[in-house]
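Bear in mind that the values here come from a model prediction, so they are computed numbers and not experimental data. Counting starts at 1 for both ligands and their atoms, in listed order.
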Amino acid sequence: MTTGLRIGFIGAGRLGKALALSFAAAGLRVRAVASSNAASASELAAGIAGCEAMAQQAVVDACDLVFLTTPDAAITPTCGSLRWRPDVSVVHCSGVTEVEALGAARDQGASIGGFHPLQTFGDPAAALASLPGSTITIEAAEPLNAILVALAGQLGCRVNRLPPGMRARYHAAAGFASQFINALFAEAARVWESWGATEAEALQAMLPMARGTLASIESSGIARGMPGPVSRGDASSVEKHVVALAALSEHTLDFYRTLCTSTIALAVERGSIDQDTARRIREILEKQRPRCDRM
Ligand SMILES: NC(=O)c1ccc[n+]([C@@H]2O[C@H](COP(=O)([O-])OP(=O)(O)OC[C@H]3O[C@@H](n4cnc5c(N)ncnc54)[C@H](OP(=O)(O)O)[C@@H]3O)[C@@H](O)[C@H]2O)c1
């Protein structure tokens with residue numbers, strides 16, 4: 001089904017590079033690449049045997065399947081600026097953008113779809129390594145759907161499906177396991193900095209612990225795999241935390257309260273604390289108010 005399929009990319013950024021290199025490494029035919037900056041396209045094409053950098057329209061004309069891997073805001077204008085044909089397919093890789101953003105190609109007879117890898121793409125080498133085992137959310141009608149599913153399989157990825165109209169909700173949910181982790185680390189690092197430690201020291205100490213937490217979630221699930229004092233019903237530790245944070249920063253204390261309240265619900269769900277303990281911890285979180293703001 002994918003043998004001989006000529007694949008093209010428009011947008012040689014973080015995801016475009018990682019996906020093109022991954023397809024090529026899987027033995028697929030990445031035929032052409034274009035980007036707003038010709039040097040980016042040439043650099044990517046140079047790393048893939050049989051791939052050429054060319055103009056955007058030439059990519060569409062030379063390929064059977066085109067990946068529009070521009071930033072989200074450029075998907076609709078780029079698609080609308082090109083001539084499409086009935087025997088070509090075009091997909092975007094945005095999690096939040098509806099597939100209808102490619103409506104201009106569909107109106108000219110092309111097949112359209114979404115191919116969103118639930119993965120973080122920064123450094124292409126790291127992205128190449130992290131893609132196998134990742135999940136790709138596919139949204140397309142047949143026969144394009146079967147081709148995209150086959151491609152995901154050739155990358156060693158799992159396939160996820162979404163009901164129509166759910167992309168914004170789905171993408172917001174992904175943020176909790178992606179960029180919001182950065183926000184959590186930022187908060188912890190700010191607290192470490194209050195006694196003079198550096199961000200690097202904080203990260204070095206906390207990353208192995210975070211990996212342990214992820215492993216625990218993987219083996220035991222979200223509620224049962226949760227560590228920390230709330231999971232043990234240890235109200236007195238929570239009290240010490242809020243007193244310490246109240247002296248430091250109202251923002252950090254508020255953030256702690258919100259997250260700690262979520263962990264109370266998880267501890268109740270896993271059965272490790274009863275309703276009385278849950279109420280006592282909630283009262284501790286509510287009663288402590290900040291007395292100064294040094295951060
Ligand atoms: N990065 C991720 O972790 C990730 C994860 C999942 C999905 N995605 C999705 O993947 C898509 C691309 O994201 P990205 O992170 O790879 O963005 P990116 O790193 O900013 O790369 C996009 C590249 O497209 C090129 N470009 C910009 N405007 C263009 C235009 N009008 N026509 C042609 N090329 C254009 C630019 O390359 P030059 O200026 O160098 O030519 C730019 O570097 C987005 O839809 C995003 O939502 C990204």
| Hey, is Asn37 touching ligand 1 through its side chain, its backbone, both or neither, going by heavy atoms under 4.0 Å? | both
| query | Using heavy atoms and a threshold below 4.0 Å, how should the contact between Ser40 and ligand 1 be classified: side chain, backbone, both, or neither? | reply | side chain
| field | Close approach, His116 and ligand 1, non-hydrogen under 4.0 angstrom | value | yes
| query | Strictly under 4.0 Å, does any heavy atom of Gln119 approach an atom of ligand 1? | reply | yes
Write out the residue and atom name of the closest protein heavy atom to [atom], then the distance separating them to 0.1 Å.
atom	answer
atom 37 (O) of ligand 1	Ser35 OG, 3.1 Å
atom 45 (O) of ligand 1	Asp72 OD1, 2.5 Å
atom 31 (N) of ligand 1	Thr78 OG1, 3.6 Å
atom 26 (N) of ligand 1	Ser36 OG, 3.3 Å

Return a yes/no value for [X]: is any of its N or O atoms, backbone included, closer than 3.5 angstrom to an N or O of ligand 1?
X	answer
Thr120	no
Phe121	yes
Pro71	no

Could you check whether any side-chain heavy atom of [X] comes within less than 4.5 Å of a side-chain heavy atom of [Y], counting everything from C-beta outward?
X	Y	result
Val230	Asp234	no
Ser89	Ile112	no
Arg161	Glu139	no

| query | Where do Val96 and Arg167 come nearest, in terms of heavy atoms and distance? | reply | O-CB, 3.8 Å
| Using a distance-only test with no angle check, is there a side-chain donor-acceptor pair under 3.5 angstrom linking Asn182 and Gln179? | no
Heavy-atom nearest option to [atom], drawn from [options]:
atom	options	answer
atom 11 (C) of ligand 1	Leu82, Leu44, Thr70	Thr70
atom 42 (C) of ligand 1	Cys93, Gly122, Gly13	Gly13
atom 16 (O) of ligand 1	Leu15, Val59, Ile75	Leu15

| request: Answer yes or no: are there more than 12 heavy-atom neighbours, outside Arg169 itself, under 6.0 Å from its atom CZ? | output: no
| For Arg232, does the CZ atom sit with more than 12 other heavy atoms under 6.0 Å from it, leaving out its own atoms? | yes
| said: Can you confirm whether or not the ring centre of His92 sits under 6.0 Å from the ring centre of Phe67? | reply: no
